[in-house]
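What follows is a single structure, written as structure tokens, with notes after it.
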Amino acid sequence: MSDDAGSASRKFRSHALIELALIVALGLYLFAAKEQVVGENLVFTVTGAALMALVTYWTLNTLRDGLEVIALRVRHVRH
């Protein structure tokens, strides 16, 4: 069981690092987009929308991994 918790913990850490990188990328995009008008540059707008969708998906995925780590630790403590 500790192997499952260790594996889930490593997976969560790697997903959290990717999450951090995606948030930094989104922040840089929003900084660059400060002076842009939405829809003026279609490629820029679509890139931003795709980046926001990816960050949202990855955040939910990372939260699920975090809940899995918590559940494995609680189950381990109870046994």
Side-chain angles (χ1 to χ4, degrees):
M1 193 177 302
S2 65
D3 186 40
D4 291 341
S7 175
S9 181
R10 281 190 300 277
K11 180 179 171 185
F12 174 70
R13 277 191 217 117
S14 68
H15 281 195
L17 288 174
I18 294 169
E19 174 77 21
L20 182 63
L22 285 171
I23 290 173
V24 168
L26 181 60
L28 291 173
Y29 171 83
L30 291 174
F31 181 76
K34 202 183 325 184
E35 301 299 322
Q36 294 279 336
V37 176
V38 174
E40 183 176 299
N41 182 346
L42 186 60
V43 173
F44 191 77
T45 302
V46 169
T47 301
L51 184 58
M52 289 178 211
L54 179 61
V55 169
T56 302
Y57 168 77
W58 202 264
T59 299
L60 293 173
N61 194 22
T62 303
L63 287 174
R64 186 194 70 203
D65 292 341
L67 289 174
E68 182 182 348
V69 169
I70 291 169
L72 286 171
R73 287 185 182 170
V74 167
R75 186 171 28 161
H76 181 67
V77 168
R78 287 188 178 172
H79 283 98

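What's counted below: heavy atoms across the whole structure, side chains too, no hydrogens, waters or symmetry copies. None of these values were measured; they are calculated from a predicted model.
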For this session: For Val43, enumerate each residue passing the side-chain contact (heavy atoms from CB on, under 4.5 Å) test, keeping only those at least two apart in sequence or located in another chain.
Result: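 Partners of Val43 by the side-chain contact (heavy atoms from CB on, under 4.5 Å) criterion, ordered by chain and then number, come out as Asn41, Thr47.
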For residues 63-71, which side-chain donor-acceptor pairs fall under 3.5 Å, sequence neighbours excluded?
unit_1 : atom_1 : unit_2 : atom_2 : d
Arg64  : NH2    : Asn61  : OD1    : 2.9
Asp65  : OD2    : His15  : ND1    : 2.4

For this session: Looking only at non-hydrogen atoms, find the nearest pair between Leu54 and Leu22 and report the distance.
Result: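 Between these two residues, the closest heavy atoms are CD2-CD2, 3.7 Å.
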Co-membership, hydrophobic cluster, residues [X] and [Y], 4.5 Å side-chain:
| X | Y | result |
| --- | --- | --- |
| Leu51 | Ile18 | yes |
| Trp58 | Leu17 | no |
| Val55 | Tyr57 | yes |

For this session: Under the ring-ring contact (aromatic ring centres under 6.0 Å, His included) rule, collect the residues that match up with Tyr29, sequence neighbours excluded.
Result: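 Testing Tyr29 for ring-ring contact (aromatic ring centres under 6.0 Å, His included), a comparison that skips the adjacent residues, returns Phe44.
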Exercise. How many angstroms lie between CD in Gln36 and OG1 in Thr45, if you round to the nearest 0.5 Å?
Worked result: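 Those atoms lie 7.5 Å apart.
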Problem set entry | Straight-line distance of Ile23 CD1 to Leu30 CG, nearest 0.5 Å |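 Ile23 atom CD1 to Leu30 atom CG measures 11.5 Å (nearest 0.5 Å).
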Exercise. Can you find a side-chain donor-acceptor pair between Arg13 and Ser9 that sits under 3.5 Å?
Worked result: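 Looking only at side-chain atoms, Ser9 and Arg13 do form a donor-acceptor pair, the distance falling under 3.5 Å.
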